[in-house]
Amino acid sequence: MILISTMVRNEPTIRPDDHVEKKDVFQAKNFNLWYGEKQVLKDINFNIAENEVTAIIGPSGCGKSTFIKSLNRMVELVPIVKMNGELLYRGKNILDNKFGVEELRTKVGMVFQKPNPFPKSIYENVVYGPRIHGIRDKKILNEIVERSLKGAALWDEVKDRLNENAYGLSGGQQQRLCIARCLAIEPDVILMDEPTSALDPISTLKVEELVQELKEKFSIIIVTHNMQQAARISDKTAFFLNGELIEFNRTTAMFSNPDDKRTEDYITGRFG
Amino acid sequence: MILISTMVRNEPTIRPDDHVEKKDVFQAKNFNLWYGEKQVLKDINFNIAENEVTAIIGPSGCGKSTFIKSLNRMVELVPIVKMNGELLYRGKNILDNKFGVEELRTKVGMVFQKPNPFPKSIYENVVYGPRIHGIRDKKILNEIVERSLKGAALWDEVKDRLNENAYGLSGGQQQRLCIARCLAIEPDVILMDEPTSALDPISTLKVEELVQELKEKFSIIIVTHNMQQAARISDKTAFFLNGELIEFNRTTAMFSNPDDKRTEDYITGRFG
Amino acid sequence: MEFINEEKVAKRTDSRLLKNRLSKWVFMLATSVGLLVLGVLIYRIVSQGYSYLNADFFTNFASRRPEEAGIKAAIFGTIWLMVITGPVSIVLGVGCAIYLELYAKKNRFTRFIQMNISNLAGVPSIVFGLLGLTVFVRMMEMGRSVLAGGLTMSLLILPIIVVAAQEAIRSVPKELQEASYGMGATKWQTIRRVILPAAIPGILTGGILALSRAVGETAPLIMIGALTFVAFVPENIWSGFTVMPIQIYNWTSRPQVAFHDVAAAGIIVLLLMLLLMNSIAIIIRNKFSKRY
Amino acid sequence: MELKAERKSVAALIEENKRKSRLKQGLIEKSVPIFLFVMAVISILTTIGIVITLLVETITFFERVNILEFITSKEWFPFFEADPQYGIAPLITGTLLVAVIAMVVAVPIGLATAIYLSEYASDRVRRVIKPILEVLAGIPTIVYGFFALTFVTPLLQKIVPDLQFFNALSPGIVVGVMIIPMIASLSEDAMSAVPRSMREGALALGSTKLEVSLKVVLPAALSGIVAASVLGISRAIGETMIVTIAGGSKPNLTFDPTETIQTMTAYIVQVSLGDASYGSTIYYSIYAVGMALFIFTLIMNIIAQWISKRFREEY
Amino acid sequence: GCGNGDGSTSSNAEGNENNSSKVEETSNEKLTGSVGIDGSSTVFPIIEAVSEEFAAVQPDVKAPVGVSGTGGGFKRFIAGETDISNASRPIKDEEAQLVEEAGIDYTEFEIAYDGLSVVVNKDNDFVDQLTVDELKKMWLESGNVKTWADVRDGWPEEPISFFSPGTDSGTYDYWNEVILEDEQMRKDATLSEDDNVLVQGVMGDKGGIGFFGFSYYYENKDNLKVVPIVNGKGEAIVPDHDTIMGGEYEPLSRPLYMYVSNKALAEKEQVYEYVKFALENAGTLSEEVGYVSLKDEEYKAALEKLEEVSK
Ligand SMILES: Nc1ncnc2c1ncn2[C@@H]1O[C@H](COP(=O)(O)OP(=O)(O)OP(=O)(O)O)[C@@H](O)[C@H]1O
Ligand SMILES: Nc1ncnc2c1ncn2[C@@H]1O[C@H](COP(=O)(O)OP(=O)(O)OP(=O)(O)O)[C@@H](O)[C@H]1O
Ligand SMILES: [Mg+2]
Ligand SMILES: [Mg+2]
Ligand SMILES: O=P([O-])([O-])[O-]
């Protein structure tokens, strides 16, 4: 008989950093979101702390992607979207129209489900962000490339072929390149929407390790459909269902002893 | 702490039909399959018994779909496919080129991952099979429609709108319509390739129940990526990995006590 | 945190946003050039030709007097041409498309046919006119008949139809074919009962659009010598004929200025006809586009 | 029990029918592909027909006119019995002049239109504008010719006083307008084929729409855009009625767009309006010119295909 | 004009025999069938009018009219594709020979007069008249004329653009014969079978000069300026109805012709009726479309000739 607790990292339940007061990077206050007439997020309230990995889980269509795309306002690419309530990034309401999305997105990077490098060289992919922000100095750019690729644990694999097309990389490498591209503009928060769902097990592992490293410097919010993954890598987990935030808790706590019956049903695979 | 055994149906481990000798509908003997140069199925050997539900599980890309598509030779729609070994249906080797695929497929029906009704009326969908096999008699056709839809547990929901377009149905209804369409030519075996992966939980439940009923009359082989589903509905389970059949056993046995380490890793979510 | 200087970035952002806003107007302006020209063109033609547009214009044959000139022969000629071109090109085109999409092995020869079709689509229409003149009019001795014209036009639009039909067939979901094969249907049964019915809207749309190209073509028919003054409706495929563009060309090259207005009226009719055909195509496309 | 009995009957029915129709079905399955193959081959026959037609008459032409003269001579005066000149250069420069002017008009406008439609316009706007623009491509060229002659040329004459009444500029511009939708539409297709995820990736890095369009989408769609432009040139080279009506019919070895010119297509029309008879050198000359035209456009089409295949982006 | 040679009767009779039954069957009242007509663009307006009127009398006869130019028309006539060929000049000897070789006998009918009109742009205020010699100098390759100043001293040094009917046209041939005296026409002239292109060209070009049939000038007289041409008597004459009919407008006045296949006349009732109708109405119709009619006696004589050859 297999215990589900084996899925969870073997760490003491009370972790050393539990008592350190961390600042919140994001706060959602009564946040609602509609696509046209259909309400997709309902009265979401929660705070996301810095330098942590926050996992968002829930069955397909529950609004996970929609939620994290709201955090950098990518959700506005859907023209019919309507939002209300508050969504604070470092205390400033990003739904406020005066807040420039370009600025927000420079601060809040995003990694997507499918690796989406640009059809350019590896080098060009990484310097894309710095370039649009006006950095032209070749030396600085080179440094950025090296540091970002190292940060994404990709440097050793690609350092000899920086000028080759990014599509020559494997899926997992492409995904790490996307992470590097994101690191290049030194964001504050990194959003990740099922970043490993298109990857093979080994690449998945690498990305998971990377996430663990990155949280030292960045705050990470990650959507995943793989509960084991959430259990493995996150500090806190939020469970969404039908657009509602059902439960939000330390990951260890949630997986060993969910408060809500629906959470339990979900993590034991009764639905979804 | 949640036990994984709660996922499995509460049935005595030794079931009443265990000692009844069932005939095999399919036997694979040293079956190999290539797409072009790439070997996708490697030396598969196993027997599938009649009037049972056989589940096939395994991570994405391991060859599940390829395998069940071999059973009705649908895999040949990919022009670069090559096969060797033996694949016996009721004792006859279907890889033998003299065996007519049309005949085989009349006997071995298939239900696909995405519901794929024809863009015609519900009625026309069901009678498609009988029609192409030359049954024109209106009365017989009507009878077939009623019986097949009843068999697929759909009759009550659609009997008043048989002439409406099948695309007006919900996803779950469409999938059951596809099952009905398959029943209409009274096959011997029904292959199902992740039949519920595109459906919502309630529709999934209905289809699962249906599968349980159908096995009285048909032999069912079902591919699923949802281990809980395999545990819930199948009599036997086959676990594929990288084109190899790792383990094949009674479902109850496999989920409670896998023989192979890899099987255990997979069903506990260590990868995939 | 040392490379990305927040202040600099913020400053630059303003100018980037300004450029962004301006660019939208530039692109919009460019888009409106096309629309503007279209507007001017249509305005000129309508204001020039509408006064000649009455019932008589449709029932009269060509005449030396502008007031009495009508477009009947040309309309019927065009319809006759379509009656030949439509079925011939659609049957050939769809047959070719089915072969290429569903039967042909992906070998050199198939690729050659495919490339050949793309090239044919780019051959100037006047070269098709030379072909029609040489092969249909002279070699096969069809003379300057509707048949010769219709066949020439069929070949002209054949590649367009093949490509459209191929696309339509390709866009029929693979799952539908699989469903059919899975029931034990043969290939032809699957094509006839599943693929073709599902592809028909796309094929028709492409076909109508291609036909509307044929309706507007002038040069190939000048080559095969469609006649100038025609005061009759073709009776059979061997009849001489004129079509709307030729009639319009004839009117524009009249010395009397009044005939230029008649030509404008003819253009209005031609445009209306094309508009009608395009609308039908769009309706078909929209009606059936969201089916799977 | 009853079900079981009936079930057998349908399966049996099928079995029975199968046996009966096996022969007929086998025949259909065998003959249909042959039949369809024949249809597919018609496209090749058409090409062969074109090539043979052009070739046979062209060879006759070159029996009378030195092929070297055809290629190298700078004068095209076929109509003077005393001393006909058959140097195709003026026709080619006329053709190229029109094509180049057309591209100067069509590529920037078409590309900007494509960017607007694919990156900026809302779905609704796109659905309205696109078909309207397509109307431009559907307007019979004879209408454009008329438009060029009676509207564009007089207008241009006010701006460019030296402009001859028949000139390369006016039909060039109008041909350009005519192929705007083609370039816009093909480029837009290429840009729409750039996956959404690529745009999202760029936007998520804080890019503005303009940056996304110019730095990500445009480069990614470049091969499609170049192919569209090459096809546009091919279209402009083959365009007939507009240049016939507004370009004039004076073969002229010039690159001055204000002068009267004659294109290859216009020459063919000119001769066939006069109904050249069998046998005269002029009659054969239209095939030789047609051959040149065919080769030109063929090369363009092959280049376009090569570009779009060779540089097709695998996103 | 020639062509009513000896051979005509025999082949004529032959045709008659072969198809006599058919001819008799066709009722005189309601004819069917078609009449193949092609040829001169100058003559086209007249024949178009004839066809149009004929359609009112014989609605079931198809008489489409092509415009291939005189030469082009003869080529089709020789190929046996047409029954009637319109011409703005008499048939040439070479053409006549080819017709004969093709075994076709034909009859020539004059149907109207035309005055070949020389026109310049409306804004051209200095050209008051031109002599034949000046025309020749202007239009010859060897004349070396670039600007109006090269034509006559005192005229401005502005470039001239030349517009001429195409080489398949009878008008070109006539000009070639009368003005150029068979020397090489200048190469930079715009040649077009489409007379309207010439009209537009001269209209649109300040230095333009061109020539074409009177009717094309007549229809555009508000937009063009016609140049009086100095005739043999030294008078500068403007082409108009009277000067053309009276013969003062020379050497650019010329008759227009119809050439009809004798075999068609004899075998096809509708062709005979068509030609008869044409000769009966050509006078009025040609006046209507801007040409000058022949004298009544001439039409009468033509009708008699028709009766004779179609017996
Ligand atoms: N562009 C859109 N327009 C309208 N509705 C949308 C749109 N995108 C998503 N939705 C709807 O919003 C709901 C939430 O979608 P979302 O993509 O956020 O779900 P998710 O939890 O990310 O699911 P998955 O795990 O499948 O990615 C779904 O019901 C979906 O159908
Ligand atoms: N048409 C094809 N041509 C070439 N390779 C193919 C083709 N279809 C599948 N494959 C490859 O064969 C392998 C097995 O594919 P298959 O679809 O059978 O996997 P699967 O177990 O059904 O996966 P999934 O759970 O994603 O459906 C994969 O590596 C796949 O990439
Ligand atoms: Mg999602
Ligand atoms: Mg699969
Ligand atoms: O067309 P023409 O009258 O000049 O021969």
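Numbered from 1 within each chain, the chains take letters A, B, ... in sequence-line order.
- Note that CZ of A:Arg131 and NZ of D:Lys215 are 8.5 Å apart. Values are rounded to the nearest 0.5 Å.
- Considering CD1 of A:Ile185 and CG of D:Leu205, their distance stands at 5.0 Å, rounded to 0.5 Å.
- At a 4.5 Å heavy-atom cutoff, the contact between A:Arg181 and chain D is made by backbone and side-chain atoms alike.
- Note that the CD atom of A:Glu102 and the CG atom of D:Leu203 stand 8.5 Å from one another [nearest 0.5 Å].
- In the displayed structure, A:Lys92 atom NZ is contacted under 6.0 Å by at most 12 heavy atoms of other residues, nucleotides or ligands.
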- Query: Which is it for D:Glu200 and A:Lys69 under the side chain to side chain contact (heavy atoms under 4.5 Å, CB included) test, yes or no, and what are the steps along the way?
  - Reply: CA-CA 10 Å; D:Glu200 287 179 346; A:Lys69 280 188 186 160; 4.2 Å; yes
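- Contact annotation for D:Arg196: only side-chain heavy atoms (C-beta onward) come within less than 4.5 Å of a heavy atom of chain A.
- Contact count versus chain A (heavy atoms, under 4.5 Å) is highest, among D:Ser197, D:Ala204, D:Ser122, for D:Ala204.
- Interatomic distance, A:Arg105 CZ to D:Thr208 OG1, rounded to the nearest 0.5 Å: 10.5 Å.
- Heavy atoms of A:Pro115 lying under 4.5 Å from chain D are absent altogether.
- Proximity to chain D is absent for every atom of A:Val111, based on heavy atoms less than 4.5 angstrom apart.
- Taking every heavy atom of both residues into account, A:Phe112 and D:Gly201 meet most closely at CE1-CA, 3.8 Å.
- Across every non-hydrogen atom of D:Met198 and A:Tyr167, the tightest pair is SD-OH, 3.5 Å.
- Contact check for A:Tyr128 versus D:Ser207: side-chain heavy atoms found under the 4.5 Å cut-off.
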